[in-house]
Amino acid sequence: MTKFDKLFGREIIILTTNQKVCLDEYHPVSIDHVTKVSTEINEGGYNCKILAVDSSSDLKQKLSLLDPQKVVVLNWIEQIDNLSYGYHIAPQILEDFGFAYTGNDAKILLDSCDKIKIKKMLVDASVSTPKYTVLYPGSTDLPDWNIFPCILKPAFEHCSSGISHCSVVDTKDLLFARANELFSQFNQPLLVEKFIDGKEYFVAAWGPNQPEIMPSICQDYRYTDDYHYQIYDYDTKWNKDSQYFNEYWSHSKVKSVNGTSKKIYEEALKAIQYTGCQG
């Protein structure tokens, strides 16, 4: 991320993808949400505008009309150039044009699209993470894997795509049955992890070098006794008509920094710093 000493007094630009070019099968942030953020920033006494772009070439053209020394960009682009996971494209362009912007740079956003690479990085950093293995298309056996229940995840997807209650399996036969379904749908390796039952914490941080840990969100899944459903799967995340969409959010609670285990924050901070997250 481009470093600037003086950011106060600058205009804030919320950069987003024009909704008409977003891919329907994914769930881009609606323009209503972006508008709400813009309104609240303006109500806070700052000058904020929304800039929607159709493509990377459109982004470059519109950035060329702005002064990098007079604006700060809140980067909200996930899809661009018909790529559902085009997170890395806008940051690199912003970097090339010399803009200060929020969020991670192109490298870490590219890395985040590879669960296997990130998993190896966490292991190398001695971050506490579930035991895992990788299953490749065409594989018919995992002779060294006997950890159940476990969960299967497509290695190169985002947004819980390919994850459902069927992804939590209890036997090797069920593992390969689910694996074959995912291979057919995504044609990519699968991350196989030990399934961890219990509460789930979502931990965020902001700032470079020494990130500040934010209050976490805790989910205890008390609405179901079936651990196969105790995951933040695709339907729970995106499908408002699904069985657990509303249940999930009604049981989510924000925890203060002091109200969350110190160990959880230590591990989260270690993961954030080792993978190079920032912004």
Pair Leu152-Leu191, side-chain contact (heavy atoms from CB on, under 4.5 Å): steps then yes or no: CA-CA 6 Å; Leu152 284 69; Leu191 185 71; over 6 Å; no
Trace of the salt bridge (Lys or Arg N to Asp or Glu O under 4.0 Å) decision for Lys62 with Asp58: CA-CA 6 Å; Lys62 289 177 177 175; Asp58 185 38; 3.2 Å; yes
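Under the 4.5 angstrom side-chain criterion for Ile, Leu, Val, Met, Phe, Trp and Tyr, the cluster partners of Tyr227 are Ile151, Ile163, Val168, Phe195, Ile231.
With sequence neighbours left out, Glu200 forms a salt bridge (Lys or Arg N to Asp or Glu O under 4.0 Å) with no residue at all. Scanning for salt bridge (Lys or Arg N to Asp or Glu O under 4.0 Å) contacts around Lys107 gives Asp111, with sequence neighbours left out. Residues forming a salt bridge (Lys or Arg N to Asp or Glu O under 4.0 Å) with Asp220 (at least two apart in sequence, or on another chain): Arg222. Glu11 is linked by a salt bridge (Lys or Arg N to Asp or Glu O under 4.0 Å) to Lys49, counting only residues two or more places apart in sequence or in another chain.
In this pair, Tyr223 and Tyr248 present their aromatic rings perpendicular. The plane angle is above 60°, beyond the 30 to 60° band.
In this structure, OG on Ser216 lies 3.5 Å from OH on Tyr265, to the nearest 0.5 angstrom. Remark: Asp81 CG to Ser55 OG distance equals 6.0 Å, nearest 0.5 Å. Atoms CD and NZ, from Glu266 and Lys262 in turn, are 5.0 Å apart once rounded to the nearest 0.5 Å.
Counting heavy atoms from C-beta on, the side chains of Phe99 and Val72 never come closer than 4.5 Å.
A salt bridge between Glu267 and Lys263 is present, with a side-chain N of the basic residue lying under 4.0 Å from a carboxylate O of the acidic one.
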What pairs of donor and acceptor atoms, side-chain ones from residues 119-132 against any protein atom, are under 3.5 angstrom apart with sequence neighbours left out?
from: Lys119; atom 1: NZ; to: Thr129; atom 2: OG1; distance (Å): 2.6
from: Lys119; atom 1: NZ; to: Pro130; atom 2: O; distance (Å): 3.0
from: Lys119; atom 1: NZ; to: Glu193; atom 2: OE2; distance (Å): 2.4

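No donor-acceptor distance shorter than 3.5 angstrom exists from the side chain of Ser164 to the backbone of Tyr234, with no hydrogens or angles considered. Side-chain atoms of Asp170 never come within 3.5 Å of backbone atoms of Pro149 as a donor-acceptor pair (strictly under, hydrogens ignored). With hydrogens and angles ignored, the 3.5 Å screen pairs no side-chain donor or acceptor of Lys172 with any backbone N or O of Phe148. Without hydrogens or angle criteria, Tyr85 side chain to His158 main chain gives a donor-acceptor distance under 3.5 Å.
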